[in-house]
Amino acid sequence: QKEVEQDPGPLSVPEGAIVSLNCTYSNSAFQYFMWYRQYSRKGPELLMYTYSSGNKEDGRFTAQVDKSSKYISLFIRDSQPSDSATYLCAMSYTGNQFYFGTGTSLTVIP
Amino acid sequence: GAVVSQHPSWVICKSGTSVKIECRSLDFQATTMFWYRQFPKQSLMLMATSNEGSKATYEQGVEKDKFLINHASLTLSTLTVTSAHPEDSSFYICSAASGQGLFGYTFGSGTRLTVV
């Protein structure tokens with residue numbers, strides 16, 4: 001069983017839609033939960049992270065962690081064409097070594 | 001913000017040859033750099049952790065004699081794929097720690113290696 005599971009998509013939505021991206025994981029010892037955005041031919045950049053459970057909001061982005069279900073989500077409100085990218089979830093025990101999902105490819109259609 | 005430069009962005013080499021990939025932190029000193037590999041439709045997998053001035057720590061299943069890592073300065077780490085074979089064809093990406101918490105892990109843009 002993989003440490004982190006993520007649906008690779010691709011996911012295609014109209015501009016302005018709410019996007020929901022999800023990951024599940026198997027190891028309950030993970031404490032840090034992160035979402036990265038990766039544009040084509042670029043390295044991943046950290047969007048948001050959450051320590052332990054709970055929600056975190058930053059502008060149009062909301063990250064949720066449900067440790068009881070081993071499930072994390074990233075919501076994007078009022079999606080824009082510039083949000084088109086691959087989104088990777090990542091998890092860590094200590095904040096150093098990261099375990100990544102496969103990434104979900106998102107396209108926002110104008 | 002912190003910038004990590006990785007070169008080359010893509011490389012094609014013949015089977016049996018060696019390829020060197022460079023990872024440079026441009027505006028900060030990185031005592032620790034990380035090397036990842038990603039096969040198509042799979043996750044980024046950590047290969048090794050590189051500490052300046054000391055030997056790299058390799059993850060289980062990664063051949064240290066095949067993937068040579070050198071971190072000779074605080075701004076440069078190199079990954080050399082020795083005697084490359086087609087199964088080594090993958091996307092290699094480095095990450096450098098700038099010491100600013102989780103937002104301090106900056107990724108390079110990756111290197112697409114194709115071995116023919």
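A, B, ... follow the sequence lines: proteins, then strands. Residue 1 opens every chain. As the structure is a computational prediction, the values presented were derived from the model and not from experiment.
Heavy atoms of B/Gln6 lying under 4.5 Å from chain A are absent altogether. For A/Tyr99, no part sits under 4.5 Å from any heavy atom of chain B, backbone or side chain. Residue A/Glu45: no heavy atom, backbone or side chain, is found under 4.5 Å from chain B. B/Ile93 touches chain A through its side chain: at least one heavy atom from C-beta onward sits under 4.5 Å away, while N, CA, C and O do not.
The disulfide bond (SG atoms under 2.5 Å apart) pairs that include a residue from residues 33-68 of chain A number zero, where partners must be two or more places apart or lie in different chains. Sorted by first and then second residue, the disulfide bond (SG atoms under 2.5 Å apart) pairs with a member in residues 25-63 of chain B form an empty list; sequence neighbours excluded. Sorted by first and then second residue, the pairs that involve residues 64-105 of chain A and meet disulfide bond (SG atoms under 2.5 Å apart), not counting sequence neighbours, are A/Cys23-A/Cys89.
Transitive grouping of hydrophobic side chains (ILVMFWY, heavy atoms separated by less than 4.5 Å) brings A/Tyr87 and A/Met48 into a common cluster. By the rule that hydrophobic residues join a cluster once side-chain heavy atoms approach within less than 4.5 Å of another member, B/Val115 and B/Val11 end up as members of one cluster. Under the 4.5 Å side-chain heavy-atom criterion for grouping Ile, Leu, Val, Met, Phe, Trp and Tyr, B/Val81 is not connected to B/Val116 through any hydrophobic cluster. Side-chain heavy atoms closer than 4.5 Å link hydrophobic residues (I, L, V, M, F, W, Y) into clusters, and following such links, even through other members, never connects B/Phe34 to B/Tyr58. Both A/Phe33 and A/Leu47 are members of a single hydrophobic cluster when ILVMFWY side chains are connected at heavy-atom separations under 4.5 Å.
Less than 6.0 angstrom separates the ring centroid of B/Tyr36 from the ring centroid of A/Phe100. Remark: aromatic rings of B/Tyr105 and A/Phe98 are close, center separation under 6.0 Å.
Going from atom CZ of B/Phe107 over to atom NZ of A/Lys42 covers 15.5 Å, rounded to the nearest 0.5 Å.
Annotation for A/Tyr49: atom OH does not count as buried by contact number, only 12 or fewer foreign heavy atoms lying within 6.0 Å. The number of heavy atoms from other shown groups lying within 6.0 Å of NZ (B/Lys66) is above 12.
Counting all heavy atoms, side chain and backbone alike, A/Gly101 lies closest to B/Ser43 at C-OG, 3.5 Å. When all heavy atoms of A/Pro44 and B/Gly108 are compared, the closest pair comes out as CD-O, 4.4 Å.
Using non-hydrogen atoms only and a strict 4.5 Å limit, the part of residues 102-110 of chain A facing chain B consists of A/Thr102.
Heavy-atom pairs under 4.5 Å with chain A peak, among B/Gln38, B/Arg112, B/Glu59, B/Met45, at B/Glu59. In terms of heavy-atom pairs under 4.5 angstrom with chain B, the leader among A/Val4, A/Leu46, A/Leu88 is A/Leu46.
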